[in-house]
**Student:** 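Structure below; questions to follow.
Every number for a ligand or one of its atoms is a count from 1 in the order of the listing. If you're wondering where the values come from, they're calculated on a predicted model, not measured in any experiment.
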Amino acid sequence: MSGDPIRSAWHAVARAEDVASTGAPTPVTVLDTPLVAYRDGGGAAVMLPAACPHRGTDLGLGSVDGGCIRCPYHGWQFGASGRCTRIPSLGADLRIPDGAHAHAANARERDALLWVSLDPAADPSAIPSFPVAGAVAGMRLIAGEPLRWRTTPGRHVENILDLAHFPFVHPATFGCPEAEAVEPHEVTVAPGRFDCHVGVNTRNPDTPTGPLYPALGPIIRLGYHYTVQLPYRTTLEFSFPDGMRRALHEVATPTEDGECEIFWALLVDERLDSPDEDELAFANAVFAEDQPIIESQPGGVRIDRAAEVHVPADRLAVAYRRAMREWGVAADARV
Ligand code: FES
Ligand code: CO
């Protein structure tokens, strides 16, 4: 890997279901780079720079038909790999100039998401896996609507990793005073990733029909297992005292102006019969509690070891920053 590993990394930019071979193209922006996505005649997802090679018009205003995207200005059409296939003003003269072809970005469809790397040489085997229905035995998949937050993906990741905010930010959902003191925990590091097990006290969540776990008391202790794959892919698996499991899978993508889009899904133990809507509503309520807090922070996590002040409860954030430095992100970067 050369240069900035975040530019070379694979970023999730759209749900596969949102990209079509007819109708409107799907505009996406990653790392302040505007792109459009569509499907070619074979159904393969294509991502092109949003600026038309002719005069720079936004192809996101165009339309997709028969596996080609058509520019809204002069009707040039681009098909598989961004090849220009038609210039209407040429009439019967079909000689398309070399410069008319668009240069497709390095994009792949994987696990029901579209991924892109701004490095043309990036290896698709490095695309992080993401859960799809039926992929994990005994767990049902509930996909959430992508979220857009006015913060960087690094701030979002650190919020997921933050163990000390539950009593203060989440008293209405799962936080409780019994979680104020953070249990000691160790982080296990491997190149480009790390994980951590820690116990967390939590309120037995309320549901319209009473506590979520009627057999357990008002305060329960959950096992949290974090897995982070750099730069922005997180998994948080929860084990409940009665053996039930849930997991929150997320991947956050830097879009533009220091903002991010978050693709997420829940895996819920099949033995739990909670309706999908309730699971999504609970997760969205938790996100809504976090969002204004995180959006209030100054833009971007500084990964420099001297930045900000840390206490033992911040061990996961410290590990994240160190892992990013060791992975090759510049020490003065904000992520
Ligand atoms: Fe796109 Fe002319 S600007 S076809
Ligand atoms: Co939170």
**Student:** When you check the space around atom 1 (Fe) of ligand 1, which protein N, O or S atoms turn up under 2.8 Å?
**Tutor:** Cys52 SG, Cys71 SG
**Student:** State, without any angle test, whether Glu279 and Ser274 hold a side-chain donor-acceptor pair at a distance under 3.5 Å.
**Tutor:** yes
**Student:** Return all protein N, O or S atoms below 2.8 Å from the Co ion (ligand 2), chain by chain in residue order.
**Tutor:** His165 NE2, His170 NE2, Asp290 OD1, Asp290 OD2
**Student:** If you measure only the distance, is there a donor-acceptor pair under 3.5 Å linking the side chains of His249 and Arg233?
**Tutor:**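 There is such a pair (donor and acceptor under 3.5 Å, judged by atom type) between the side chains of His249 and Arg233.
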**Student:** Compute whether any side-chain donor of one residue and acceptor of the other, for Asp123 and Ser125, lie under 3.5 angstrom apart.
**Tutor:** yes
**Student:** When rounded to the nearest 0.5 angstrom, what distance separates CG in Asn204 from CD1 in Ile219?
**Tutor:**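 One gets 8.5 Å once the value is rounded to the nearest 0.5 Å.
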**Student:** Salt bridge check, Glu308 against Arg155: does any charged N sit closer than 4.0 Å to a carboxylate O?
**Tutor:** yes
**Student:** Can you tell whether the side chains of Arg148 and Glu261 come within less than 4.0 Å, N to carboxylate O?
**Tutor:**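 Result for this pair is yes, salt bridge flagged.
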**Student:** So His225 and His197, would you call those rings parallel, tilted or perpendicular, with 30° and 60° as cut-offs?
**Tutor:** parallel
**Student:** Any ion pair linking Glu158 and Arg321 (charged N to carboxylate O, less than 4.0 Å)?
**Tutor:** yes
**Student:** Between the side chains of His156 and Asp290, does any donor sit under 3.5 Å from an acceptor?
**Tutor:**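 No, Asp290 and His156 have no side-chain donor paired with an acceptor closer than 3.5 Å.
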